[in-house]
There are 2 protein chains.
Amino acid sequence: MRIGELSERTGTPRRLLRYYEEQGLIVADRLPNGYRVYDESDVDRVAQIRGLLDAGLPTRIIKQILPCLDKPRVIHFPDATPEMLETLENERDRMTARIRCLTRNRDAVAEYLSVVREKLAAGPSA
Amino acid sequence: MRIGELSERTGTPRRLLRYYEEQGLIVADRLPNGYRVYDESDVDRVAQIRGLLDAGLPTRIIKQILPCLDKPRVIHFPDATPEMLETLENERDRMTARIRCLTRNRDAVAEYLSVVREKLAAGPSA
DNA sequence: TCGAACCCTCACATCGATGTGAGGGTCAAG
DNA sequence: CTTGACCCTCACATCGATGTGAGGGTTCGA
């Protein structure tokens with residue numbers, strides 16, 4: 001598929017698909033006329049990128065963790081330098097911290113909402 | 001305490017403490033000379049703000065969810081408009097989505113790391 | 001009284017993610 | 001051949017979070 005379809009299917013502006021490519025997060029083949037072509041797997045990949053961006057990770061980091069989830073179990077770690085492994089470990093820990101923070105606050109918001117809803121159901125205009 | 005101490009204890013630049021105040025995330029009393037004064041609870045509050053910012057939430061949203069976790073159980077929902085409740089529900093769901101995305105990817109990174117570590121332990125230079 | 005170490009406000013700069021549009025090719029259908 | 005719907009690159013604009021520094025007060029100890 002070309003960029004327009006991918007944009008529509010992922011709800012992502014074309015501008016951003018090009019930006020993600022520029023940042024090395026996705027690679028697109030080109031037709032002889034220069035048009036980008038994508039395949040089905042790019043739909044998931046873009047969704048993943050957007051999810052991570054939305055969770056606060058910068059493209060620089062996303063670029064590093066994406067290969068870890070590539071393909072089924074084809075771990076191509078020969079190019080894994082010690083610095084890179086350390087970066088990944090740090091990022092794993094940061095993600096864990098984020099998850100904890102988000103969970104705690106999400107639960108608090110959820111509880112607040114349920115209490116308010118309960119009150120509203122009991123005495124609407126009180 | 002004044003801004004310098006809070007900055008040091010939270011590892012947050014003074015500039016940002018002032019910025020958070022400007023965004024309505026924290027309120028600081030003032031000494032007669034204009035200096036900001038904070039109390040112990042602000043240390044936790046700043047940590048919470050930073051955690052949420054790091055998790056990708058904008059100050060505008062953080063400002064809305066902070067009151068939900070304020071104090072023990074003093075829910076002051078009289079000023080809870082329907083729009084606000086809807087915003088909170090949306091944000092709760094977005095946080096849940098973020099948590100799922102982060103967890104999935106964190107686990108993948110963690111597994112990648114453990115496999116690589118294992119390989120390295122087995123045949124270091126192979 | 002002077003200097004160091006605080007604090008203040010204001011304002012411009014940077015950085016990453018994104019919006020927007022100019023200027024211009026490609027291609028299929030009328 | 002032309003029009004409309006695609007696509008391209010390039011470049012400037014915006015927005016939120018953050019850096020940086022100018023210009024200036026306050027406090028305190030040497």
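Every chain is numbered from 1 and lettered A, B, ... according to where its sequence line falls, protein lines coming before strand lines. What's counted below: heavy atoms across the whole structure, side chains too, no hydrogens, waters or symmetry copies.
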### Message
Once rounded to the nearest 0.5 Å, what's the spacing between atom CD of B/E8 and atom CZ of B/R14?
### Response
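So the gap between those two atoms works out to 7.5 Å.
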#### Entry: salt_bridge(B/E91, B/R60) N-O dist < 4.0 Å
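No salt bridge links B/E91 with B/R60.
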### Cationic N near anionic O, under 4.0 Å, B/E22 to B/R15
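Result for this pair is no, no salt bridge flagged.
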Could you tell me how far apart [X] ([atom1]) and [N] ([atom2]) are, to the nearest whole angstrom?
X     : N     : atom1 : atom2 : answer
A/E8  : D/dC7 : CD    : C1'   : 15 Å
B/R36 : C/dC6 : CZ    : C1'   : 13 Å
B/E21 : C/dC8 : CD    : C1'   : 11 Å
A/D29 : D/dC7 : CG    : P     : 16 Å

Residue [X], side-chain atoms from C-beta onward, closest of [options]:
X     : options               : value
A/N33 : D/dT18, C/dC27, D/dC8 : C/dC27
A/Y35 : D/dA17, D/dC8, C/dG25 : C/dG25
B/R14 : D/dG19, D/dC8, C/dC7  : C/dC7
A/P58 : D/dC7, C/dG19, C/dA17 : C/dA17
B/P13 : D/dG19, D/dC8, C/dT18 : D/dG19

### Query
Counting only distance, no hydrogens or angles, is the base of D/dG19 paired donor-acceptor with the side chain of B/Y19 under 3.5 Å?
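It does not, because no donor-acceptor pair links the side chain of B/Y19 to the base of D/dG19 below 3.5 Å.
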### Task
Would you kindly check whether a donor in the side chain of A/R15 faces an acceptor in the base of C/dT20, or vice versa, at under 3.5 angstrom?
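A donor-acceptor contact between them is present.
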### Message
Tell me whether B/S7 contacts the main-chain N or O of B/I3 through its side chain, where contact means a donor paired with an acceptor under 3.5 Å.
### Response
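Answer holds: no.
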### Task
Could you check whether A/L53 gets within reach of a base, just the sugar-phosphate, or nothing at all, counting any heavy atom under 4.0 Å?
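Sugar-phosphate: the residue A/L53, judged by heavy atoms under 4.0 Å, touches backbone atoms but no base.
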